[in-house]
Amino acid sequence: MNPAPDSLALGPPANAVSSDAVIGSPSRRRPPLVPLLLALLALLDLRVELQLLFDHLTLTSLTEAVRTHLLAVMVLLFTPSLLRRYR
């Protein structure tokens with residue numbers, strides 16, 4: 001069986017340079033934007049609840065905030081894990 005010609009091969013060529021390795025620039029990666037955007041949207045969703053909790057922190061108000069905004073709370077809880085995964 002003959003190997004596929006270079007024009008039909010899948011993936012980058014063997015001599016390709018990654019986009020992270022730019023000549024003359026330090027090797028810093030951009031911050032992961034998806035987890036940061038999710039955390040920002042979760043905080044915007046919880047904005048009013050957080051103001052109420054700062055004014056009157058009770059167990060009832062805390063459980064109600066978590067119960068009504070469960071997705072936003074879970075996104076905030078898992079943001080550190082998401083940041084580590086997207087690096």
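For clarity, every value in this text was computed on a predicted model and none was experimentally measured. Note: hydrogens, waters and symmetry copies are ignored here, and every other heavy atom, side chains too, is used.
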Under 3.5 Å donor-acceptor, T79 side chain and V75 backbone: yes
Intermediate values then yes/no, side-chain contact (heavy atoms from CB on, under 4.5 Å), L36 and L83: CA-CA 8 Å; L36 293 176; L83 288 171; 3.9 Å; yes
Gap between atom CG of L40 and atom CG of L76 - 0.5 Å precision: 10.0 Å
The single option from L46, T68, D45 passing side-chain contact (heavy atoms from CB on, under 4.5 Å) against V73: L46
From CZ (R47) to CG (L52), nearest 0.5 Å: 11.5 Å
Minimum heavy-atom distance between E49 and A65, given as atom pair plus value: OE1-CB, 3.7 Å
Point-to-point distance, once rounded to the nearest 0.5 Å, from OH of Y86 to CG of L38: 8.0 Å
From OG1 (T58) to CD (E64), nearest 0.5 Å: 10.0 Å
Within one Ile-Leu-Val-Met-Phe-Trp-Tyr cluster: L71 and L37, side-chain cutoff 4.5 Å: no
ILVMFWY network linking L70 to L43, side-chain heavy atoms under 4.5 angstrom: yes
Heavy-atom closest contact (A42 atom, A72 atom, distance): CB-O, 3.6 Å
Inter-residue atom distance R85.CZ - F78.CZ, 0.5 Å rounding: 12.5 Å
